[in-house]
Amino acid sequence: AEHGDTVTVAYFLEWPTANQVAQIDKTYDEAMGVDVEWRAFGNGNEMTQAMVSGDVQIAYSQGFVPFVVGVSNGAPLKLVGIAVTYAENDLCIIREDAGITQDNASELEGMKVATPIGNVTHYKLLRTLEHLGVDASKVDLVQMNPADAAIALIRGDVVMGCAFGGAIDRMKEVGFPLMTGAEQEAVGINTFDIITVTEDFASQHPELVQAFMDVTEEANAAYKADPDAALATIAGAAGMDEDGARSMLANFGFPSAADQKGANWLGGGVQAMTKGVADVMVEAGNMETGLDDYSEFVDDSFL
Amino acid sequence: MAETAEIAIDRISMVYTLPDSEVDALNDVSLDIGKGEIMSVLGPSGCGKTTLLNIIAGFLSPTRGEVRVAGKPVKGPGAERGMVFQQGALFEWLSVTQNISFGPRMCGKDRAETADTVQRLLGIVGLVDFADKPVYQLSGGMQQRVALARCLANDPDVILMDEPLGALDALTREKMQGLVLRLWKDTGKTILLITHSVEEALFLGERLIVMAPRPGRIEKEFRLPFADEALEKPARDVKAGSEFVAAREEILSMIWDMEEEIMGDNG
Amino acid sequence: MAETAEIAIDRISMVYTLPDSEVDALNDVSLDIGKGEIMSVLGPSGCGKTTLLNIIAGFLSPTRGEVRVAGKPVKGPGAERGMVFQQGALFEWLSVTQNISFGPRMCGKDRAETADTVQRLLGIVGLVDFADKPVYQLSGGMQQRVALARCLANDPDVILMDEPLGALDALTREKMQGLVLRLWKDTGKTILLITHSVEEALFLGERLIVMAPRPGRIEKEFRLPFADEALEKPARDVKAGSEFVAAREEILSMIWDMEEEIMGDNG
Amino acid sequence: MSRQKPSGLAIWLGLSDNSFTRQKTVKFGDAAAVNSGRFYSLLTLAVLIVAWVVASAFELIEPFYWPSISGTWERLVKILGEGFRNTALHDHVGISVYRVLSGVFYGALVGIPLGFAMGLSSIGRGLFDPVVEFMRPIPPLALIPLIILWFGIDEFAKIFLLFLASLFIMTIAARSGVSSVRITKVHAAYSLGASKLQILRHVILPNALPEIFTGLRTSMGVCWGTVVAAELVAADKGLGSMIMIAKNFLQTDTVVIGIILIGIIGYIIELIMRRLEQWLIPWRGKG
Amino acid sequence: MSRQKPSGLAIWLGLSDNSFTRQKTVKFGDAAAVNSGRFYSLLTLAVLIVAWVVASAFELIEPFYWPSISGTWERLVKILGEGFRNTALHDHVGISVYRVLSGVFYGALVGIPLGFAMGLSSIGRGLFDPVVEFMRPIPPLALIPLIILWFGIDEFAKIFLLFLASLFIMTIAARSGVSSVRITKVHAAYSLGASKLQILRHVILPNALPEIFTGLRTSMGVCWGTVVAAELVAADKGLGSMIMIAKNFLQTDTVVIGIILIGIIGYIIELIMRRLEQWLIPWRGKG
Ligand SMILES: Nc1ncnc2c1ncn2[C@@H]1O[C@H](COP(=O)(O)OP(=O)(O)OP(=O)(O)O)[C@@H](O)[C@H]1O
Ligand SMILES: Nc1ncnc2c1ncn2[C@@H]1O[C@H](COP(=O)(O)OP(=O)(O)OP(=O)(O)O)[C@@H](O)[C@H]1O
Ligand SMILES: [Mg+2]
Ligand SMILES: [Mg+2]
């Protein structure tokens, strides 16, 4: 909440990011001159809701899809940067004993698949199914957060579980990715999380947003310079052990501010991609209508 | 209209309107009760006894007619008309003393004076040792004595009692009858007492009204000597007297016939 | 030991052990009740009347002594000893007929025969028109008539009644007393009846036992003519007779003194 | 003093005293003198509806906080026509109701005999008391994590959760039903020659029915609350999951429709139970 | 026939009849003849504990499904020492209890006057009846999505949810408390010269206290169940969030510890309420 001098930032557990060093070291608090409260969420949609209610001002690493869903429904959010890219950390794991691979993926029709609904994982699942020629409307999608999805997959309640974060490691004990991150990227299914702020917060406290982005940028740079130095801190903040954090971080990319300004990202790529995501969600019957243009919700001025 | 009656019941009728019918609970009832009189009311179930009492107490307004107490028309309940109910009308969250002092406290009477009154009444009803007990710890008979004392604490001119001893066992009841009689003699209050017991009605009424139902009305009125007698000789002697037994007989058969006529044999 | 008594109560004592004390509910009580006798039991609250009845019924086993019914020691309840309780012992989920036929049905009696019995009993207690009503729709007096009929349906040798009329109003009660008396006369059952009403005890007992508490014991026994008288002349004449009034007086003062002695004036 | 009779409408609306209250001089504190106040109920409803219409017409509230009346209506029509996420609305309702009924059914199936054993026998009471006393204060919701671990997310897991929610309520209701039987009734039955089994069947069981029914009503309410939670965690169908998924898409109108449906169905369940009770246990409270 | 007195231990264990039951010839169906059966309770406990020990020792169950006894103990010691996710255990407990108490408090604060208004006045009843009747069957959980949208994830939102959970319970309890006042008591007070305000204060209020207290007890129970759900969403502290987060990390031992704590605290709350009731309303059920 924004009680005068507190800023609340939403983040995910089991989602180790470079800036968590700054979270733990309270670099954010110092640079922004306020108390920064970090609240863990189970999915990006709840982040949107909390931001709509005014309790959260910044979401670090919100999924792209919840953002699109939110702004399409009139939620006053702004995308101000890219948090992480992570092709390999958001996957659909299929049970080994199901006997299903990319070649016979259409057998998924009529089976139960666990996924958080209405976020990046869901979007990627839809795109993956589309790519593999599976009729998504015939797959029995069960709304589950990653941790629950992992349990359901391990127990065999679902044949495939889609999740992000540490849950994937647990899932891999009983299965393998239907498509790897690399395979997905190859066919244009990109995966990244974003930094969003509420419109009010951006217009009333641009200096705080700026400071937040600056600290993040520095933390990313510091991490890239010496990944191992910060590993213990990051793992602790993410609620993971060091091995798990290391293997996940290995697949994370933290694009620099300069990169983000480029045409691939906030220079135009993101805006286009937003529209693409919206179209997919509308087509799959999950969203009523998309907007014609999402560029007003993207603001690269804080990079 | 100049009148000497403490309670003047002037041609009252009471009709309860039910969704599909009307009940004539009282039909054109008139009755005068003199100051300092004790009157008992007897009658089969549903003949309007409670209705009559509630009208005098001011809880109900009659469909027709009016009741005057001490010359003033009754418009609502008032502290000059005390009530004693069958049971369950004590405030169980209060102690004996607090129950008795309830009236004076509500009326804002002087505290010291109230304390004296309570002390005196506790003595009269024989509950001095129980002053600070919560009332729910008392036996039924004791509770009714508290109810009597609570009513007397406000020093009402008229006391209306609706089967005050109805829930007590036979022995306790006889004792309580003596207490009521003593109070009547000592305080000179005007008392109207409803009862189901013929014996009690005979014993406690200078006058006795027998009511009949459908429509509720006064069927017969008796003037009786027993209440006054009982002030002089032991209650048991009064009740064993041949006059008493004969009166009891007469009234019993009267009510018996009344019931038979109304309900057949299915009471 | 050859005996003619239907119920032989042989020096029974009953001690209830409480966590910190013992209650002598009955102390060395002996009593013989002849076949076809009707006996009433009177006594202040807590003198062990119910305890005594429960022992005869076989619900309690005495601490010492034994009870024999028709010569056989009582070890538990049995269909040859019927019970009538004060109230609330009817099965409210059953109709009048089902209540009355409960005993025969449980004992697996012939259906047609049971139906006849029920019909006959409905006639006796005057409830033919109410045969299929649920019992909770009946008035208190009617309910007790069902209880009587239910007890009779099993044709027990002995009927034990614990204040069967205690919850009824005065008029209904008088009528029910007549019914009990008639049943006794017609069926010739052995009846033991507990009551709090002196009048009832006098009226319904060929013999009357007055019990006293602490320890529970039989204080006095009377042999009375009124039950037999009432078979010939109207109940009201019996009760108005000078003999009756005198007996009433004697017993009342006896109990009165007993109570006074025990509890002082705080009943 | 004869009085004019007020109009039937005024009485129905609660604006005039009815025949019962008319003759009372003191009404304050007299529960029987409080009428339905229907006029004011209608007023409340009117104010709420007008407020919604006005707010919708002038777009005073962002639709994701509270939907417009027309939007909600359209959404309702759409869901009724197309269903929500490929499932017809009545299927969502049906599956939730089915889960609740199953949970209550199994809860009663196990809980009633358990309660009888505990109320009738020292051994039964001793054996089960520790478990019942310990499990009772644990809200079923807190068990969701364990139940997911044990039974996964299938129908069985949900119904098991609801079963647990109703089990202890039913056990305690049956136990107290058994314990509340008047000893005079049991004694009367013994004296009429009934055996233990007959007493169980013909006296104790009917006597416990009212409390068992109260237990069923309570169970229904609790399970109806719990099914929403059970469907939050993992569900493809059911009113609870409908609300959760709609929430993810910020479809506040669907959320509101779901909540209203849950309210209405909860109310209907309560009404049916009351009726059933009047019909099956007419003697209730009349012993 | 004098009988030998059984030993005090045998009576305590429920193996021998105590002085009350000893003299009864028919015990089946007699609730007063059922003793504590303590021996069998101890047996149940012993069997459960032995089963856990054996299962742990021989690793019969995957710790994922049910933790080993030693593992659970170690985890408990660890949580007691270090806390769970940087918050001491007593803080988790404290915040949950605080939320429940706040919710019940505000529920009572609003619900009691509301119930009084509804029980005492036709206007009050009319005005609030539609809202209360409609909201009552809606489980508070179903409102979570709306409450997050409106009030976010702060303390306020959680307490508001609990407030709603207790509000209707308290309203209905207060209303039925008011309606259950015996008319003879009110009439007696009028005849003793009491004014309406005095009747409200000195008759109706004390008379409604027992039902209000029952409402408080029910509220406590319901809120204690709801707090777990309230803490599902973005809670960093509280027993509910502890269980949920532990489940996410498959820490079944912590889940079990959390559930046991929730059970124990729920039980303690119930005990305290019972004590309070005996102390504050000694006249309960004795009117
Ligand atoms: N509020 C009411 N509405 C409708 N009818 C009523 C109401 N109160 C009483 N009656 C009817 O009015 C008649 C008289 O009732 P009332 O209570 O005065 O009788 P009662 O003589 O006191 O009877 P009981 O001896 O049983 O107390 C009865 O027929 C009763 O059913
Ligand atoms: N189960 C019990 N445990 C302990 N004491 C008991 C028990 N039942 C009765 N008593 C005591 O035994 C004595 C006799 O009780 P009992 O019920 O037989 O008296 P009663 O004559 O029937 O009284 P009442 O006229 O009030 O019915 C009383 O002092 C009573 O308190
Ligand atoms: Mg009356
Ligand atoms: Mg007795």
Side-chain angles (χ1 to χ4, degrees), chain D residues 14 26 28-32 34-41 43-45 64-65 119-123 125-127 129-131 134-135 137-139 141-143 145-146 149-150 178-179 181 183 186 190 196 199 203-204 224-225 228-229 240 243-244 247 252 255 258-259 262-263 266-267 270, chain E residues 14 26 28-32 34-41 43-45 64-65 119-123 125-127 129-131 134-135 137-139 141-143 145-146 149-150 178-179 181 183 186 190 196 199 203-204 224-225 228-229 240 243-244 247 252 255 258-259 262-263 266-267 270:
Chain D
V26 280
F28 181 83
D30 184 347
V34 176
N35 66 39
S36 69
R38 258 191 214 93
F39 173 78
Y40 299 96
S41 296
L43 199 72
T44 302
L45 287 176
F64 54 74
Y65 286 120
L120 287 171
S121 126
S122 302
I123 298 178
R125 174 160 164 202
L127 281 181
D129 221 28
V131 181
F134 175 70
M135 291 294 289
I138 296 179
L141 286 181
L143 296 173
L146 268 191
L149 287 173
W150 292 346
V178 165
S179 306
V181 59
I183 188 66
V186 174
Y190 273 119
K196 287 184 188 178
I199 284 183
V203 181
I204 293 174
W224 188 243
V228 176
I243 291 181
M244 277 336 253
K247 178 205 72 169
T252 311
V255 171
I259 289 175
I262 285 183
Y267 189 60
E270 174 71 14
Chain E
V26 282
F28 180 82
D30 185 346
V34 177
N35 67 38
S36 68
R38 257 191 215 93
F39 173 78
Y40 299 97
S41 295
L43 200 71
T44 302
L45 286 177
F64 167 81
Y65 289 111
L120 288 171
S121 126
S122 303
I123 298 179
R125 173 160 165 204
L127 282 181
D129 221 27
V131 181
F134 175 71
M135 292 294 289
I138 296 179
L141 285 182
L143 297 174
L146 275 187
L149 282 173
W150 293 346
V178 165
S179 306
V181 58
I183 188 64
V186 174
Y190 274 118
K196 287 183 187 178
I199 284 183
V203 181
I204 294 173
W224 188 243
V228 177
I243 292 180
M244 288 301 159
K247 174 209 69 174
T252 311
V255 171
I259 289 176
I262 284 186
Y267 190 59
E270 175 71 15

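Since the structure is predicted, the reported quantities are computational estimates derived from the model, not experimental observations. Here is how names work: the chains are called A, B, and so on, in the same order as the sequence lines, proteins then strands, and each is numbered from 1.
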Any side-chain heavy atom of D:V255 sitting closer than 4.5 Å to one from E:L149? no

Test side-chain contact (heavy atoms from CB on, under 4.5 Å) applied to D:L143 - qualifying residues, sequence neighbours left out: D:M135, D:I138, D:I147, D:L161, D:L164, E:I259

Under 4.5 Å from a heavy atom of chain E, the part of D:T252 involved: side chain

Sorted by chain and residue number, the side chain to side chain donor-acceptor pair (under 3.5 Å) partners of D:T44 (sequence neighbours excluded) come out as none

Quick one: closest heavy-atom pair of E:G126 and D:S41, and the distance? O-OG, 2.7 Å

Max heavy-atom pairs within cutoff under 4.5 Å with chain E, candidates D:P145, D:A32, D:G266, goes to D:P145

Under a 4.5 Å cutoff for heavy-atom pairs, which residue among D:G258, D:G119, D:P137, D:A31 has the most contacts with chain E? D:P137

For E:Y267, is it the side chain, the backbone, both or neither that has a heavy atom under 4.5 Å from a heavy atom of chain D? both

E:F28 and D:Y190 have their tightest heavy-atom pair at O-OH, 2.9 Å

Structural part of D:I183 lying under 4.5 Å from a heavy atom of chain E: side chain

At a heavy-atom distance under 4.5 Å, which candidate from D:N35, D:V186, D:I262 has the highest pair count against chain E? D:N35

Answer key: most heavy-atom pairs under 4.5 Å with chain E among D:L43, D:L146, D:V131, D:V178 is D:L146

